[in-house]
2 protein chains.
Amino acid sequence: MTIPTNLQIAALGAALETFSRRYKMTDTGGLERALTEVDTQTLLYVGKHPGCGPTDVARFLRVAMTTISSATDRLVKRGLLERHRPEGDRRAVALRLSKAGEAHVAAQELAHHKMFLMMLERLEPDERDSFIAMIEKIAYSEG
Amino acid sequence: MTIPTNLQIAALGAALETFSRRYKMTDTGGLERALTEVDTQTLLYVGKHPGCGPTDVARFLRVAMTTISSATDRLVKRGLLERHRPEGDRRAVALRLSKAGEAHVAAQELAHHKMFLMMLERLEPDERDSFIAMIEKIAYSEG
DNA sequence: GTTGAATAATACGAACATCGTAATATCTTT
DNA sequence: AAAGATATTACGATGTTCGTATTATTCAAC
């Protein structure tokens, strides 16, 4: 089997460095007010897992639970997140996005959508599917 | 001209999210001792621009100069960085990596190298060049 | 040549995020 | 009912980032 050449590896590394500098997933767009990276990721996660608890978020983001506690505090104060006490287990907290939180997430996803669109537009139409297939292979392969 | 479909955009977005979670450029490898992101980037920048000043680093990383001052303090204390007073302008400071700093950067670049190698290995040999060409197109295209 | 403005870096203090430990409340098991 | 397990929060410590003020040096103008 053929192994990648050092030239290929170097080219990939250089391109990815520019790539990640150019397409920042974490950019708030400049308009929104200073939201921590953890805060942003928490919002996105809760948006995709409504009713989840702080523990789930902490495990997913690999941060201490007290950090998520602070983050949810901030987000609740800003009116982006809601804490609910579920009937079943009254120790737990179920997190949900507020209306404003949903709007925030939607805006962010729109920004991402535009970014991905811009990436694909830089390719020829007949290249796009094969690029997607390859990046999926790299991202999802086991081992 | 054909525009990307929403399906393509969604697939790309999902793949890139997993991709960036899986291949963290910022991972210190787990062995090294808690180096700030700014510290790490400062080391890499100085490695590529020996003799540069704190102002250059601050401009490149887009952080306050006092932040770089603190970062260089930490790095000097750890023995990874050296401050020199150049002859020409005695206000300025010329930054250079120490031996230990060079070793650190080398280790980090080796880790990156391995990561890029792993990415390419997940592709078929005849896919690699076209993938590199496409990611370069996306990264470097103007406009 | 001396004075005044501009440049380069640092010292200091404030604000804030993250984390570990301890405390509180609720569920589960015996 | 008691003991332990689980889920979250309160509190204090540490550390990073940043803004302002300060010091040192160079450049410009008179």
Engineer: Mind checking side-chain contact (heavy atoms from CB on, under 4.5 Å) for B:Ser130 and listing every partner two or more places apart, or none if nothing turns up?
Structural biologist: A:Met134, B:Met134

Engineer: Considering only residues two or more places apart or on different chains, which pairs with a residue in residues 127-138 of chain A satisfy salt bridge (charged side-chain N to carboxylate O under 4.0 Å, His left out)?
Structural biologist: A:Glu127-B:Lys137, A:Lys137-B:Glu127

Engineer: Which nucleotides of nucleotides 23-30 of chain C have their base under 4.0 Å from a protein heavy atom (B), which only their sugar-phosphate (S), and which neither (-), written as one string 5' to 3'?
Structural biologist: ---BS---

Engineer: Taking atom P of D:dT8 as reference, at what distance in whole Å does atom CZ of A:Arg83 sit?
Structural biologist: 10 Å

Engineer: Which residue pairs pass the ring pair (Phe, Tyr, Trp, His ring centres under 6.0 Å) test with at least one member in residues 115-143 of chain B, sequence neighbours excluded?
Structural biologist: A:Phe131-B:Phe131

Engineer: Taking only residues at least two apart or on different chains, which pairs with a member in residues 81-90 of chain B satisfy salt bridge (charged side-chain N to carboxylate O under 4.0 Å, His left out)?
Structural biologist: B:Asp73-B:Arg83, B:Asp89-B:Arg91

Engineer: Whole-Å distance between C:dT18 P and A:Leu35 CG?
Structural biologist: 11 Å

Engineer: Just the atom pairs and distances: protein N or O near nucleotides 13-20 of chain D's N or O, under 3.5 Å.
Structural biologist:
from: D:dT17; atom 1: OP2; to: B:Arg74; atom 2: NH2; distance (Å): 2.9
from: D:dC18; atom 1: OP2; to: B:Ala64; atom 2: N; distance (Å): 3.3
from: D:dC18; atom 1: OP2; to: B:Thr67; atom 2: OG1; distance (Å): 2.4
from: D:dG19; atom 1: N7; to: B:Thr66; atom 2: OG1; distance (Å): 3.4

Engineer: If we check side-chain contact (heavy atoms from CB on, under 4.5 Å) with B:Leu95, which of these qualifies: B:Val76, B:Leu75, B:Thr72?
Structural biologist: B:Thr72

Engineer: Could you grab the distance from atom CD of A:Glu102 to atom CG of A:Leu43, nearest 0.5 Å is fine?
Structural biologist: 11.0 Å

Engineer: Rounded to whole Å, please give me the gap between CG in A:Leu75 and C1' in C:dC16.
Structural biologist: 15 Å

Engineer: In whole Å, what is the span from the CZ atom of B:Arg85 to the C1' atom of D:dA24?
Structural biologist: 8 Å

Engineer: Who pairs with B:Arg96 by side-chain hydrogen bond (donor to acceptor under 3.5 Å, both in side chains), at least two apart in sequence or on another chain?
Structural biologist: none

Engineer: Starting at atom CG of A:Asp73, determine the distance to atom P of D:dT9, rounded to an integer number of angstrom.
Structural biologist: 7 Å

Engineer: Which listed nucleotide (C:dA8, D:dT9, D:dA7) is nearest to the side chain of B:Ala92?
Structural biologist: C:dA8

Engineer: Give, ordered by number, those residues of residues 45-60 of chain B having at least one heavy-atom distance below 4.0 Å to an atom of DNA chain D; if nothing qualifies, reply none.
Structural biologist: none

Engineer: With sequence neighbours excluded, tell me which residues meet side-chain contact (heavy atoms from CB on, under 4.5 Å) with A:Ser20.
Structural biologist: none

Engineer: Distance check needed: C:dT10 P versus B:Leu81 CG, whole Å only.
Structural biologist: 11 Å

Engineer: Any ring pair (Phe, Tyr, Trp, His ring centres under 6.0 Å) involving residues 46-77 of chain A? Give me the pairs, sequence neighbours left out, ordered by first then second residue.
Structural biologist: A:Tyr45-A:His49, A:Tyr45-A:Phe60

Engineer: Who passes side-chain hydrogen bond (donor to acceptor under 3.5 Å, both in side chains) against B:Glu17, sequence neighbours left out?
Structural biologist: A:Lys48

Engineer: Quick one: which residue pairs count as a salt bridge (charged side-chain N to carboxylate O under 4.0 Å, His left out) with a foot in residues 49-60 of chain B, not counting sequence neighbours?
Structural biologist: B:Asp56-B:Arg59

Engineer: Could you give the CE-to-C1' distance, from A:Met65 to C:dT18, as a whole number of Å?
Structural biologist: 14 Å

